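Written below as structure tokens is the structure these notes are about.
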Amino acid sequence: MRTQVVIIGSGPSGLLLGCLLSNAGIDNIIIDRVGKDYILGRVRAGVLEEGTVDLLRQAGADERMHLEGLPHDGFSLAFDNRDHRIDLFALTGKRVMVYGQTELTRDLMARREAIGGTTIYEASDVSPQGFDSAAPFVTYRKDGITRRIDCDFIAGCDGYHGVSRKAVPEKSIATFERTYPFGWLGILADVPPVSHELIYANHPRGFALCSMRSQTRSRYYIQCPLDEKVENWSDDRFYDELRLRLPAAHAQALVTGPSFEKSIAPLRSFVAEPMRFGSLFLVGDAAHIVPPTGAKGLNLAASDVHYLFEGLRGHYLDRSQAALDRYSERALRRVWKSVRFSWSMTTLMHRFPDGGEFGQKIQEAELDYLTHSEAAATSLAENYVGLPY
Ligand code: FAS
Ligand code: PHB
């Protein structure tokens, strides 16, 4: 088998890249180790930057998002039993779209099927090879047979635990990492959200986030110790703890109901440099991870796809290598600014075991600055809505 671009990974970055390439007439095959249902069963991101929304338009997969998504002009920082709204639209002229990653992934899968894109699911032993030569290829096993796809380029869209980054010789890649001494315990429940916008709460008991997937489906998170176990948290215990971390008005208004998803996610900041190795390109979580506090993970995957698609389109349609040669440099410049923002939001909003009274005072001073200085609020807002590509 031969194609122009093999995409390893059928998550948001792989699917988005595949749709953009197909729309441009560039042949590609997506290959994933799991099936569609497994991918759609993962509960992840919920906030899209305008750049991500526009890429979905370019991919031809934005119709349902505009029907069911929730455009948000702002969000609130809650502390000292009060809400402080950050008016994103007034400060930046931009807004964000609240639309679950699961639905975005479903829309991209539907678009890919509609345009007849080839996706190979449940493939094992996927291996990118020859990417330091002029003849790259990918091998995999399916139905007990080892198969090979020859190609021009390989897009490693296979996430943090994928095979692409690990296929790069250790001497050729540098990694940068920070882990955080806590996780997020999150639930999904079909109950109306406690507020029409997101609430990020800084509380002595720990961070909490009130988000949503629709007007009838809420997504709530509370900071928890790294060694916490989901089975220790009944719905009642979760809601009681969430109430304690919210301003009283929200705690009283909280509508509770049975959760249908409950999980703990660890938090880390991670970046691999560079993001290109010959004809292998790392995209999205394969190259970087951010703590979800800044709602950047999925949106960074989208901007990587933007830069790589520009490069591949230049190569195939304009016979120019310029954008492809600049992929890693352009992507990393935006990655590191989003990594910084996600780290700063995480540092601002969470209780750190070793933070001490000085750390607490610094958080209070920064929250006071952010909620009383237009310049500070504008800086926060322009990072949250997404820095330019
Ligand atoms: P993904 O991990 O989504 O997709 C990678 C794909 O590659 C998967 O389908 C996988 O099956 C496949 N794959 C892996 N190894 C393979 C192999 N060897 N062979 C073939 N295929 C392979 N971001 C936010 O913005 N907000 C959030 O609230 C948020 N919450 C998150 C919660 C959790 C638990 C996690 C893990 C991430 C969260 N993220 C969040 C980040 C998340 O949304 C990612 O940024 C996003 O999924 C990135 O998309 P991809 O790069 O496509 O990687
Ligand atoms: C979510 O809705 O899952 C969500 C929203 C904003 C974040 C993190 C997660 O910063």
Side-chain angles (χ1 to χ4, degrees), residues 6-18 30-49 52 70 72 75 96-102 104-105 108-109 119-128 138-142 155-167 183-188 193 197-200 207 209-214 217-221 261 263-268 270 282-305 335 338 341-342 345-346 349 384 386:
V6 172
I7 299 170
I8 302 177
S10 182
S13 54
L15 286 163
L16 180 57
L17 178 62
I30 295 180
I31 185 165
D32 203 301
R33 66 179 171 186
V34 296
K36 282 175 61 174
D37 292 343
Y38 186 94
I39 294 168
L40 292 172
R42 290 190 298 232
V43 179
R44 292 192 173 168
V47 172
L48 307 182
E49 299 170 355
T52 304
L70 303 171
H72 279 202
F75 67 87
V96 293
M97 175 71 81
V98 171
Y99 189 63
Q101 175 174 323
T102 304
L104 172 151
T105 304
L108 286 167
M109 285 177 172
T119 304
I120 300 166
Y121 287 110
E122 295 174 329
S124 57
D125 305 328
V126 178
S127 175
V138 173
T139 58
Y140 66 96
R141 280 181 68 78
K142 177 84 176 170
C157 301
D158 48 346
Y160 180 73
H161 300 289
V163 67
S164 297
R165 188 180 70 251
K166 293 167 190 157
W184 281 16
L185 168 61
I187 69 163
L188 267 176
E197 292 180 331
L198 273 61
I199 302 170
Y200 291 80
F207 169 78
L209 170 60
C210 300
S211 183
M212 63 198 76
R213 290 294 178 268
S214 69
R217 178 166 290 184
S218 295
R219 176 67 163 157
Y220 293 123
Y221 297 95
E261 199 276 344
S263 56
I264 292 178
L267 273 59
R268 80 172 75 239
F270 173 86
L282 299 183
V283 184
D285 277 18
H288 42 73
I289 295 285
V290 287
T293 326
K296 290 294 156 230
L298 173 57
N299 292 298
L300 269 183
S303 51
D304 289 353
V305 167
V335 162
S338 292
F341 174 67
S342 304
M345 277 284 275
T346 303
M349 298 304 291
Y384 192 86

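Order of listing sets the numbers, starting from 1, for every ligand and every atom in it. From a predicted model like this one, the values you see are computed outputs, not experimental measurements.
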Task: atom 49 (O) of ligand 1: nearest protein contact (heavy atom, Å) - done: P12 CD, 3.6 Å

- [ ] Provide the number and element of each atom of ligand 2 under 4.0 Å from a heavy atom of Y200.
- [x] 6 (C), 7 (C), 10 (O)

TODO: Enumerate the atoms of ligand 1 whose separation from the nearest heavy atom of P292 is less than 4.0 angstrom.
DONE: 27 (C), 28 (O), 29 (C)

- [ ] Within a distance under 4.0 Å of any heavy atom of L209, pick out the atoms of ligand 2 and give their elements.
- [x] 6 (C), 7 (C), 8 (C), 9 (C)

- [ ] Using a strict cut-off of 4.0 Å, indicate which atoms of ligand 2 neighbour a heavy atom of W184.
- [x] 8 (C)

Task: Spatial distance of atom NE2 (H288) from atom OG (S342) [nearest 0.5 Å] - done: 11.0 Å

Task: I31 and V6, any side-chain heavy atoms less than 4.5 Å apart - done: yes

- [ ] Enumerate the atoms of ligand 2 whose separation from the nearest heavy atom of R44 is less than 4.0 angstrom.
- [x] 3 (O)

TODO: Look at atom 17 (C) of ligand 1 and find which of H161, R33, K36, R44 reaches it with the closest heavy atom.
DONE: R33

- [ ] Check whether any side-chain heavy atom of S263 lies under 4.5 Å from a side-chain heavy atom of V43, and answer yes or no.
- [x] no

Open item on the list: So, taking the atom named OG1 in T105 and the one named CZ in R42, what distance separates them when rounded to the nearest 0.5 Å?
Closed with: 8.0 Å

Open item on the list: Go through it in stages, so that I can follow the logic: the residues are Y121 and S10, the test is side-chain hydrogen bond (donor to acceptor under 3.5 Å, both in side chains), and I'd like the CA-CA distance, side-chain angles, deciding distance and then a yes or no.
Closed with: CA-CA 8 Å; Y121 287 110; S10 182; 3.1 Å; yes

- [ ] Tell me which protein heavy atom sits closest to atom 43 (O) of ligand 1, plus the residue, atom name and distance to 0.1 Å.
- [x] Q101 OE1, 2.4 Å

Task: R165 NZ/CZ over Y160 ring centroid, <6.0 Å and within 45° of normal - done: yes

Open item on the list: Polar contacts were defined as any N/O atom of the residue lying under 3.5 Å from an N/O atom of the ligand; does this apply to S211 and ligand 2?
Closed with: yes

Open item on the list: Quick check on contacts: which atoms of ligand 1 are under 4.0 angstrom from a heavy atom of I39?
Closed with: 9 (O)

- [ ] Could you list the atoms of ligand 1 found under 4.0 angstrom from a heavy atom of V163?
- [x] 18 (N)

Task: Heavy atom of the protein closest to atom 3 (O) of ligand 2 (residue, atom name, distance) - done: Y221 OH, 2.6 Å

- [ ] Please say whether R213 places an N or O atom under 3.5 Å from an N or O atom belonging to ligand 2.
- [x] yes

- [ ] Look only at interatomic distance and state if G162 has a nitrogen or oxygen under 3.5 Å from any nitrogen or oxygen of ligand 1.
- [x] no

Task: Note, W184 side chain near L209 side chain (heavy atom, < 4.5 Å) - done: yes

Open item on the list: Within ligand 1, which atoms have a heavy atom of V34 less than 4.0 Å away?
Closed with: 11 (O)

Open item on the list: To the closest 0.5 Å, what do you measure between OH (Y221) and CD1 (I264)?
Closed with: 13.0 Å

Task: Protein heavy atom at shortest distance from atom 44 (C) of ligand 1 - done: D285 OD2, 3.2 Å

- [ ] Can you sort out which atoms of ligand 1 are near Y221, meaning under 4.0 Å from one of its heavy atoms?
- [x] 28 (O)

Task: Closest approach of any protein heavy atom to atom 11 (O) of ligand 1, naming residue and atom - done: D32 OD1, 2.7 Å

Open item on the list: Give me the nearest non-hydrogen protein atom to atom 24 (C) of ligand 1 as residue plus atom name, then the distance to 0.1 Å.
Closed with: A45 CB, 3.2 Å

TODO: For V47, take its heavy atoms, then give the atoms of ligand 2 lying under 4.0 Å from any of them.
DONE: 5 (C), 6 (C)

Open item on the list: Which option wins on minimum heavy-atom distance to atom 8 (C) of ligand 1: K296, E122, R42?
Closed with: R42

Task: L198 contact mode with ligand 2 (heavy-atom cut-off under 4.0 Å) - done: side chain

- [ ] Number the atoms of ligand 1 from 1 as they appear, then name those within less than 4.0 Å of a heavy atom of S13, with their elements.
- [x] 50 (P), 51 (O), 52 (O)

TODO: Run down the list G186, A265, G284 and name the one with the heavy atom closest to atom 34 (C) of ligand 1.
DONE: A265

- [ ] State whether the shortest distance between N or O atoms of P292 and N or O atoms of ligand 2 falls below 3.5 angstrom.
- [x] yes

- [ ] Mark up the atoms of ligand 2 that fall under 4.0 Å of a heavy atom belonging to T293, in ascending order.
- [x] 10 (O)

TODO: Please could you name the atoms of ligand 2 that A295 approaches to less than 4.0 Å, counting only its heavy atoms?
DONE: 6 (C), 7 (C), 10 (O)

Task: Heavy-atom side-chain proximity of L104 to L298 below 4.5 angstrom - done: yes

Open item on the list: Minimum heavy-atom separation for V47 and A295, please, with both atom names.
Closed with: CB-CB, 3.8 Å

- [ ] Can you label the angle between the Y384 ring and the F75 ring as parallel, tilted or perpendicular, going by 30° and 60°?
- [x] tilted

- [ ] State whether the side chain of K166 and the backbone N or O of H161 hold a donor-acceptor pair below 3.5 Å, judged by distance alone.
- [x] yes

- [ ] First locate atom CG of D158, then atom OG of S164, and finally report the distance between them rounded to the nearest 0.5 Å.
- [x] 3.5 Å

- [ ] Tell me which part of N299 gets within contact of ligand 1: side chain, backbone, both or neither, using heavy atoms under 4.0 Å.
- [x] neither

Task: Heavy-atom side-chain proximity of T52 to L16 below 4.5 angstrom - done: no

Open item on the list: So, 4.0 Å and heavy atoms of Y121: is ligand 1 close enough to count as a contact?
Closed with: no

Task: Non-hydrogen side-chain atoms of L198 and M212 separated by less than 4.5 Å - done: yes

- [ ] In sequence, state the C-alpha distance, the side-chain angles, and the governing distance for I7 and V283, and then conclude on side-chain contact (heavy atoms from CB on, under 4.5 Å).
- [x] CA-CA 10 Å; I7 299 170; V283 184; over 6 Å; no

Task: Close side-chain approach of I39 and M109, heavy atoms under 4.5 Å - done: yes

TODO: Give yes or no for whether the N/O distance cutoff of 3.5 Å, strictly under, is met between L298 and ligand 1.
DONE: yes

Task: For atom 53 (O) of ligand 1, the option (of A295, G11, G159) bearing the nearest heavy atom - done: G159

Task: Distance in Å, D125 CG paired with T139 OG1, rounded so as to fall on 0.5 Å steps - done: 8.0 Å

TODO: Report the nearest protein non-hydrogen atom to atom 5 (C) of ligand 1: residue, atom name, distance rounded to 0.1 Å.
DONE: C157 O, 3.4 Å

TODO: Drop me the distance from Y220's OH to S211's OG, to the nearest 0.5 angstrom.
DONE: 9.5 Å

TODO: Do me a favour and list the nearest non-hydrogen protein atom to atom 7 (O) of ligand 1 with residue, atom name and distance?
DONE: D158 CA, 3.2 Å

Open item on the list: Taking 4.0 Å as the limit for heavy-atom contacts, which would you say applies to V126 with ligand 1: side chain only, backbone only, both, or neither?
Closed with: side chain

